[in-house]
Every structure is written in structure tokens, then in C-alpha cells.
S.K.: 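I'd like to ask some things about the structure below.
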Amino acid sequence: MPPLKLNDIQQAEPSVGSTQRVRQVERIVNGIESTDGDGVQLTRVIGSHELSMLDPFLLFDAFESNEAQDYIGGFPSHPHRGFETVTYLLAGRMRHKDSEGREGVIEPGGVQWMTAGRGIIHSEMPEQENGLLHGFQLWVNLPASDKMTAPAYQEFSADKVTLERHDNGTEIRIIAGKTNIGATGPVKNSYVNPLYMDVSLPAGQVFEQAVDYDDNTFIYVIDGELTVGKQAEIIKKHQLAVMSTGNLVHFHANENTRFMFASAQPLKEPVARGGPFVMNTKEEIAQAFIDFRRV
Ligand code: FE2
């Protein structure tokens with residue numbers, strides 16, 4: 001879809017009314033260098049001992065390498081049950097193939113939001129032998145009532161991801177949710193009503209976004225540096241900031257900055273994890289291992 005042409009909405013100060021609470025930085029996470037799949041080097045920012053989850057976000061992996069040996073092994077055939085995987089690429093190409101014959105390539109700026117539901121077996125392999133591969137995989141939990149739903153895909157190429165451009169140079173690529181001025185991402189999700197955006201903010205500019213008060217919200221800085229909140233806390237490149245509760249986020253770019261912004265309603269349910277399965281009880285995890293041993 002064509003980019004929305006919007007007027008400059010930059011505001012010098014947070015538009016804090018009597019009922020608004022601006023979120024502060026609650027915690028900075030640096031992530032853990034990890035290996036997953038067949039030798040893929042990545043930084044696990046959510047889903048490690050540093051930050052095991054941020055309900056409903058179960059995992060957030062960042063991968064960025066020019067070196068084929070860091071990614072070429074990819075993620076050969078493996079199952080998932082009980083949650084959603086969201087793959088968003090900034091550079092490079094990944095081929096996705098599942099046990100039901102579905103196949104496609106995620107390209108730069110494209111996103112795949114896969115609802116694993118009761119189960120899918122898939123592979124995620126780099127569709128390149130050299131060059132930069134750069135992107136993220138986010139895991140979003142499903143509520144107990146929908147963990148065994150039928151698998152489903154929402155896939156959008158870069159030109160279908162909503163692009164909001166402001167006159168001050170800000171660019172917001174909206175995967176899910178709605179910006180303050182009404183641009184809406186293509187992914188639909190009523191389980192946790194997520195916001196998921198890729199924001200490019202020129203030096204000196206401000207980004208403001210309304211969020212539900214009790215949503216869990218994080219920012220991951222891809223490049224540059226942000227200042228946040230009254231304490232003027234700084235979030236540096238490759239850091240993730242977990243935000244406090246509140247109904248407004250307000251970030252100031254200290255330099256040209258690009259960041260991922262995610263927010264969603266917590267499920268507040270028990271979480272039982274077993275490798276590629278995330279259910280509510282240990283018994284359900286044991287059942288998933290049995291079910292996938294048979295296929
Ligand atoms: Fe996977």
C-alpha cells in the first residue's frame with residue numbers, strides 16, 4: 001500500500017493530561033549471545049535467564065550477520081505448539097516451508113506472523129549463501145482457550161506493511177496495531193491486541209504512542225540511541241528496554257535511531273515451556289512431545 005502522507009505531528013513535550021501516565025524505563029536488557037537451529041548465531045533478548053519472558057512475549061531473538069557461517073545452517077524442520085512466531089526481516093531472505101506443503105520466502109521489510117496453534121512442523125532457512133541477514137523473531141503467547149486452534153499464517157511483503165511518514169522524517173512501519181494518528185498495520189490479532197512497529201526517528205525528533213495502561217511494552221534499539229521519560233534514561237544500540245505501566249510512551253532520538261516497538265496485553269496465565277512448545281501445564285507439554293513423536 002502507498003505510504004500515508006501525514007503532517008508533522010512532532011510535539012516538543014509529552015502531551016500529558018491529568019489521566020495520562022508516561023511510561024518510564026523499568027529495566028534494560030542486553031541479551032545473551034546464543035546459538036539455535038543448526039548453528040545460527042543470534043542474540044536472545046527475551047527468553048534467556050536474563051529475561052525469561054515479558055507476558056505475552058515469550059522470546060525475542062535478534063540476528064544480524066554478514067558471515068554465512070553464522071546463519072547458513074538455518075532452522076531445519078522443527079515443531080511448534082501453543083503460541084505464535086513472528087519473523088520480521090530488515091535484510092536477507094528466509095524460506096519457510098511447513099509440513100502441510102505451505103512454502104514462501106520472507107524478504108526484507110516483510111513479515112510472517114504464524115499462529116502455530118495446535119501444531120505445525122516447519123523449517124526456516126536462509127535463502128542466500130552470502131551477504132547480510134538481519135532480522136528478528138518474536139514469540140507471542142496464545143491464551144489457554146486458543147492454544148489448540150488451527151494453524152494460520154498472516155504474511156505480508158514490505159509493500160503491504162503500512163508505512164507512515166511524517167514531515168520531520170520519521171518513518172513508522174506498522175506490522176500490528178494502530179499509531180496515534182490512525183495508521184493501522186495489516187496483522188490482525190485479537191488474542192493480545194499487539195502493537196508491533198519498526199520506527200526510524202531522525203536525530204532530535206520525538207516519537208509518541210498511546211498504549212493500554214497495563215500492556216507489557218518493550219523497545220529494542222536497532223541503531224542509534226533514545227532518551228526516555230522523566231529520568232532521561234538512555235537506551236543504547238542493541239539494548240532492550242522494558243517499560244513501566246502507563247498509557248503513553250515518549251521517546252527522544254539522540255541521533256538517527258531505528259527501533260522495534262512492541263506492546264501487548266498480558267495473558268496472566270500459567271506458562272509451561274518445553275523447547276518448541278509453550279502450554280499451560282507440564283502435562284500438556286508432555287502430550288505435545290508424544291503427539292509430535294508420532295508424526
Ligand atoms: Fe520455528
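Heavy atoms only: backbone and side chains are in, while hydrogens, waters and symmetry mates are out. Just so you know, ligand 1 is whichever comes first in the structure, and atom 1 is the first atom listed for that ligand. This structure is a prediction, so every number in the text was calculated from the model and none was measured.
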S.K.: Please table the atom pairs, donor to acceptor, closer than 3.5 Å between any side-chain atom in residues 45-58 and protein atoms at least two apart or in another chain.
M.R.:
unit_1	atom_1	unit_2	atom_2	d
Ser48	OG	Glu50	N	3.0
Glu50	OE1	Gly31	N	2.8
Glu50	OE2	Asn30	N	3.2
Asp55	OD1	Leu267	N	3.0
Asp55	OD2	Leu267	N	3.1
Asp55	OD2	Lys268	N	2.8

S.K.: Which one of Glu124, His122, Glu103 satisfies the side-chain hydrogen bond (donor to acceptor under 3.5 Å, both in side chains) criterion with His96?
M.R.: His122

S.K.: Only distances under 3.5 Å count here; give the side-chain donor-acceptor pairs of residues 85-94 to other protein atoms, sequence neighbours excluded, each with its distance to 0.1 Å.
M.R.:
unit_1	atom_1	unit_2	atom_2	d
Thr87	OG1	Gln137	NE2	2.9
Tyr88	OH	Asp198	OD2	2.6
Arg93	NH2	Glu107	OE2	3.2

S.K.: Thr179 pairs by side-chain hydrogen bond (donor to acceptor under 3.5 Å, both in side chains) with which of His166, Gln209, Glu208, Glu164?
M.R.: Glu164

S.K.: Hey, which protein N/O/S atoms does the Fe ion (ligand 1) have under 2.8 Å?
M.R.: His78 NE2, His80 NE2, His122 NE2, Glu124 OE1

S.K.: Measure up the Phe207 and Phe261 rings against each other and bin them: parallel (under 30°), tilted (30 to 60°), perpendicular (over 60°).
M.R.: perpendicular

S.K.: Quick one: list whatever passes side chain to side chain contact (heavy atoms under 4.5 Å, CB included) with Glu225, sequence neighbours left out.
M.R.: Ile234, Lys236, Asn254, Glu255

